[in-house]
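Sequential numbering from 1 along the given sequence is applied to the chain's residues. Worth knowing before you read on, the calculation uses all heavy atoms, side chains too, and leaves out hydrogens, waters and symmetry mates.
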Amino acid sequence: MGNALTHYLKPDVMPGADVVTTFDPMLGFESRKERVMVATTEEMESAKLPLDARDYCAHLAIAYRACRTDTFPFVYKCAHQKHEYLTCEYEDYVLRMKEFERERRLLERQKRLNKAA
């Protein structure tokens, strides 16, 4: 809730919403898997997936939308696909927040080290 205010007060240690990470993704990790898109661009275009749904959970969104189309008007039969998709979206959100917090803390650390040197 205070991101805009904090970004205004401390712009040097608060990454913006559209900022690409400035630190090595492996910094502090021994092994870390890179995230890969399961659904291809062609699959997302052929499924007419909206732009806001074209993320790391797109393959589940395609399966959920296909299930809804196949079982209409009994869309309650797609509860499992919906749960998988929403769980993936939540986990993606949590991961993005963790990456944001990691970037913020590393910026604060860099500022503190520069000040001490």
State the CD-CE distance between E42 and M44, to the nearest 0.5 angstrom. 8.5 Å
According to a hydrophobic-cluster definition based on side-chain heavy atoms being under 4.5 Å apart (Ile, Leu, Val, Met, Phe, Trp, Tyr only), do L95 and F100 belong together? no
Membership question, hydrophobic clusters at under 4.5 Å side-chain separation (ILVMFWY): are Y56 and Y64 in the same one? no
Close side-chain approach of H59 to E84, heavy-atom, < 4.5 Å: no
Looking only at heavy atoms, which two atoms of A39 and A58 are closest? And how far apart? CB-CB, 4.1 Å
Nearest-0.5 Å distance, CZ of residue R102 to CG of residue L106: 5.0 Å
May I ask whether V38 and Y85 are part of the same hydrophobic cluster, defined by side-chain heavy atoms of I, L, V, M, F, W, Y residues being less than 4.5 angstrom apart, directly or through others? no
For the pair R35 and D92, find out whether any cationic side-chain nitrogen is under 4.0 Å from an anionic carboxylate oxygen. yes
Rounded to the nearest 0.5 Å, what separates atom SG in C88 from atom NE2 in H83? 11.5 Å
When every non-hydrogen atom of R65 is compared with those of A47, the smallest separation belongs to NH2-O, 3.9 Å
Atom CD in E91, atom CD in E89: separation rounded to 0.5 Å? 10.5 Å
Give a yes or no on whether R68 atom CZ has more than 12 heavy-atom contacts from other residues, nucleotides or ligands under 6.0 Å away. no
Between CG of L113 and CD of E108, what distance do you get to the nearest 0.5 Å? 12.0 Å
To the nearest 0.5 Å, how far apart are CG in L60 and CG in D55? 9.5 Å
Charged N to carboxylate O below 4.0 Å: is that the case for K98 and E101? no
Taking atom CZ as the centre, does R96 end up with more than 12 heavy-atom neighbours from other residues, nucleotides or ligands that are less than 6.0 angstrom away? yes
